[in-house]
Amino acid sequence: MDRLWAPWRLEYVQGADEQEGCVFCRARDGEDDETLVVHRGDRALVLLNKFPYASGHVMVAPNRHVGEFGELTDEEALEIHRLAERAIAALAETYAPQGYNLGWNLGRIAGAGVLDHVHLHVVPRWAGDTNFMPVLADVKVMPEHLAATREKLAAVWPT
Ligand SMILES: [Zn+2]
């Protein structure tokens with residue numbers, strides 16, 4: 001297994017506690033192109049990860065600032081699930097990945113960079129990229145320009 005040094009991820013995880021406010025709340029309250037929001041639902045939103053494991057790595061978060069997985073309402077849980085499904089459709093049309101990993105990182109030890117606003121990762125996968133455990137261990141990073149990714153996915157978002 002190749003293990004690549006990814007200092008930007010490390011800085012991100014280390015700096016997460018020092019950022020002002022919450023990245024998901026800033027996205028909820030900000031402009032799409034500045035906060036890399038791909039789609040806004042009624043109770044949840046889809047945004048690009050600024051420190052992606054792969055091109056097209058998106059996250060689905062509830063609009064509500066909630067840190068406990070079990071505190072999601074039924075409506076939030078369903079909408080997050082459905083938005084993940086639509087993110088997969090948009091990714092399929094744009095990048096034609098061969099598979100996906102979907103996951104919740106709950107707690108710092110599990111890789112969460114933001115602890116108090118839960119979010120679902122949707123990571124597209126291709127043959128020959130790293131497998132899921134190294135992905136979670138912060139090794140593979142090869143993003144195209146994030147603004148370009150956001151525009152592509154927003155343009156094909158299923159209605
Ligand atoms: Zn928040």
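Start at 1 and go down the list; that is how both ligands and their atoms are numbered.
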*Which class fits the ring pair His57 and His121: parallel under 30°, tilted 30 to 60°, perpendicular over 60°?*
tilted
*With Glu76, which of His81, Arg43, Arg64 fulfils side-chain hydrogen bond (donor to acceptor under 3.5 Å, both in side chains)?*
Arg64
Donor-acceptor pairs under 3.5 Å, side chain of residues 30-38 to any protein atom, not counting sequence neighbours: which ones?
residue, atom, partner, partner atom, Å
Asp32, OD1, Arg40, NE, 2.8
Asp32, OD1, Arg40, NH2, 2.8
Thr35, OG1, Glu31, O, 2.7

*Look at the aromatic rings of Phe24 and His117 and report parallel, tilted or perpendicular, splitting at 30° and 60°.*
tilted
*With a cut-off of 2.8 Å, how many protein N, O or S atoms neighbour the Zn ion (ligand 1)?*
4
_Results of side chain to side chain contact (heavy atoms under 4.5 Å, CB included) for Glu93 - residues two or more places apart only_ = Val156
*Residues which pass side chain to side chain contact (heavy atoms under 4.5 Å, CB included) with Leu78, listed by chain and number, not counting sequence neighbours*: Arg82
